[in-house]
Structure formats: C-alpha cells, structure tokens
There are 2 protein chains.
Amino acid sequence: MTIASRKQKEREDMRSLILDAARKIFLEKGYYDTSMRNIAEEIQYSAGTIYLYFKDKDEIFHALHEEGFRRMLEKMQPLGHVSSPFERLKALGRVYLEFAFENKDFYDLMFIMQAPIKHEADHEDWKMGHRTLDFLKTILSECKIEGYFKGKNVEYLSFAIWSGVHGMAALYCRDRCKAYHDIDPKDLIEHGYKYFVNMLEKL
Amino acid sequence: MTIASRKQKEREDMRSLILDAARKIFLEKGYYDTSMRNIAEEIQYSAGTIYLYFKDKDEIFHALHEEGFRRMLEKMQPLGHVSSPFERLKALGRVYLEFAFENKDFYDLMFIMQAPIKHEADHEDWKMGHRTLDFLKTILSECKIEGYFKGKNVEYLSFAIWSGVHGMAALYCRDRCKAYHDIDPKDLIEHGYKYFVNMLEKL
DNA sequence: TTGTTTTACTGAACACCGTTCATTATTTTT
DNA sequence: AAAAATAATGAACGGTGTTCAGTAAAACAA
C-alpha cells in the first residue's frame, strides 16, 4: 500500500522531471532540434530510460500540448468577472494575444507545430483545445443575445475571429513580422488588434 | 563559348531537376521528413551530388520559397484588371486564400515553416515576399483615396488584414480546422472570409 | 535471512539523417 | 595523346529515434 503509492508517486515525479526538461529544451531549440538524448542528458539519465515513461517523442510533445492549454485556460479564468459579453470578447482577444506573445513557444506548440498525429489520439488530446474554443463560442452566443452579430452563425464567426488573432500570433511566432522592417512586432499586434476590434464593433 | 554555355545550361537543368524532385517530396512529406537521400533517389543520383548544386538542404528550401512567391504573384496579376480598389482588395483576399488552399504545402513553406535563417540571406530571400506585401499596401492606399479606412494607418491596417487571411490559411494548413469536427474546412474559410469582408466593408 | 521475482535502468545496436571528402570516371584543353 | 578540369560516387563521421538483452537494485516470499 504505502510502497505501491510511493512507487506511483515516483513514477509521476519521473514523468514531471522528464517533462520539465523536455519543455525547457523544446522551447529552447524547437521540436525537431531537440533529441531524446538531449533530454536524457539534461536529467542525467540514459535515453532509453525515457521510453519507460513515454511511448515516444510524440507523447512528450502531446503532454506539453496539454499543459499549454491548461495554462491558457488559467489565464482566461478572470474573464468571467467581466460582465458585458462584448467587453468580455474584447478582453478574451487581448488575453489570447498576450498569452501568445509571452509564451511564444507554447503557443507555437499548441497552434502551429505540426503534430505528427499518429493514432488519432486527437479525442483525448484536444479536450483542452475544445474547452478554449467553447469559451469563445459561448461569449459569442451571449453577445448575440445582447444584439450583436445579428444573423451571423456562431461557428463561422468564431472561426473568423479566432483566425484574426491567430493570424497575428502566427506571423509573430514564425518571424514573419520582419516583413515590416522597422516596426516593433508588439506595436503591430497592438494596433492590428485595435483595428480588428474596430471591425468587430461595427459588424 | 558553345561548350561553356552548354555547361551552364546543364548546370541549370540539373538544379531544376533537383528542385522538381525536392518540391515533389517536400510537399509530400514535409521539410523534416524529406531527406537528401530521398531527393537523390528520386532523380537517380547519389546524395553527394546534390551538394555540387546546392550548398545544403536549406538552400533548396529557399529556392522553393522563392518559387512559391513567384507563383503567388502570377496568380495576382489579373487583379490589375479589377478597377475599383475596394473590389480589388476583396478579390486579393480571395485569391490569397485560394492559393493557400490549392497550394497548401507551398503556403506552409512560404508563411509558416520555420526558415532556419542561417546567414541573414533574408534580404535577397524576401524580395518576393515584400513585393506581395507592397501589392496589398498599394491597394489599401488606393482605397483610402476613395474614402475607405479613414484615419487608419496603412502599415497597421495591412498587418491586420494580412493576419485575418493568414490566420485562416494557417489554421487550415496545420490541421487546426479539425477543432470544428464536422464542418468542412473549405466552408469554414469561405464563410469566415465572407464575415471578414463584412467587417472590412464597415470599417 | 535467504532466495526469488519484479522493477528500473543502462548501453549497445539498428537503421536512418545531413554533410564532407578522397577516389574514380568522364570531358575539355593543351 | 597527355594533362588538366570537371562530375559523380560512395564510404565515412557524428548525429537522430527507438528497441532490447543484460544488469543491478528493490520488493516480496519463505
């Protein structure tokens, strides 16, 4: 009993240890330039050991994927306190972009990186992602009740809005903001989002 | 003379041969899952030979990058015939998304893939990219002359608009449209863009 | 306490990768 | 025909993800 539970705790600790190291190196060097040996070295174990705790490199990726969504949802919790749905929507976009800006590599992992997608483990995997998207859709429905977005379909509208903020985040994460030589990416996103909100207000 | 020029032609033919094979396999398996040996096998040469024509894998990537922009600009040429600037803007967005949809992997290569960026060869490399962005900015300026987008800065506005369409394209390319289980990505993009245009019209 | 089983870990091995380079075969120049 | 230049090869280097026989330590049974 005591020993079995200790064993289980040790197992979980080891998984955490690996995950922490993996996150550190993934976010430092990116998915493909991080090797299992790199991760193993970081925690002073042999590479083979990692395979006792994770099926493969991909499973580590997906564990971090989930952690990213947990963090994002956490950052969104306070939005419940914004009473007006439309204000909540505007704040959501700002929080989303803030998250992307402050957690560039997590964001990349969650929304841009090519998840190798091996066994359609999507169902479990995207639970958190759906929670986030539902958050947006719910707000949009509430906005509609208040008279916003008349005649617009919530599904399509959520996609358009998600795309709007994701586009900025993605261009930022993958260094395409450089196309605007001398403008600070932060300014681009700030002003870009301002205009985007202008558009939403009038829709 | 005759022989020197023939040699040069042979060199260019060989580069084309490699590039064609590389494009085929890149776009089939993605950048990281394509090996130099794969490309070599496709054209029935040894892997070493490729290095006589391209410095490294990265240089092949960048050559394709450029080709992508050439193709995109070509697809945009007919837009010159659309007389109204705002109509031209709407058509530009549509053409952009069409390009992304029909050339998923080229689009990925051009706007999403992490270009390893080795020697700041950006300057030469992004010439085509800037041409494309300038195309958008010019149209926006013309729209302003006609009274659209009053008080809006062309730089920031272009970023917001680019982000809007890029967002949809990027979510599509990296399979995040799956978050909408049963809706066809094509529908998402079509309706999403429709709403986006609605917003632009009112801005 | 001893012997046995289970668990945790290692490190060598496999088949791949990008890249380099000495060697060979071919073509051009002298 | 001999020499020089060019083109192509394939072995080699140090890396990759992953597997697995072997070993050492811990848990259990007697």
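So that the names make sense, note that chain A is the first sequence line, chain B the second, and so on, each numbered from 1. No experiment lies behind these values; they were computed from the predicted model shown.
Note on A/R70 versus A/E66: salt bridge recorded, some NZ/NE/NH1/NH2 to OD/OE distance being below 4.0 Å. Salt bridge annotation for A/K90-A/E201: present, with a cationic side-chain nitrogen under 4.0 angstrom from a carboxylate oxygen. Salt-bridge check for B/E10 with B/R6: passed, with a basic side-chain N closer than 4.0 Å to an acidic carboxylate O.
Centroid-to-centroid, the aromatic rings of B/Y96 and B/F111 come within less than 6.0 Å. Aromatic ring centroids of B/F69 and B/H65 lie under 6.0 Å apart.
Summarising the geometry, the separation between CZ on A/F54 and C1' on D/dT19 is reported as 18 Å, rounded to the nearest angstrom. Atoms CG (A/L17) and P (C/dA8) sit 15 Å apart, rounded to a whole Å. Rounded to an integer number of Å, the gap from B/Y51 OH to C/dG18 P is 6 Å. Put simply, CD on B/Q8 is 20 Å from P on C/dT27, counting in whole angstrom units.
Using a 4.0 Å cut-off, no side-chain N or O of B/R6 falls inside it from OP1 or OP2 of C/dT27.
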Practice problem: Between protein and nucleotides 6-16 of chain D, map the contacts as a letter string: B base, S sugar-phosphate only, - none, heavy atoms under 4.0 Å, written 5' to 3'. | Solution: S-BBB-B---B
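Checking each of A/Y107, A/F101, A/Y180 against A/Y172 for a ring pair (Phe, Tyr, Trp, His ring centres under 6.0 Å) leaves exactly one that passes, namely A/F101.
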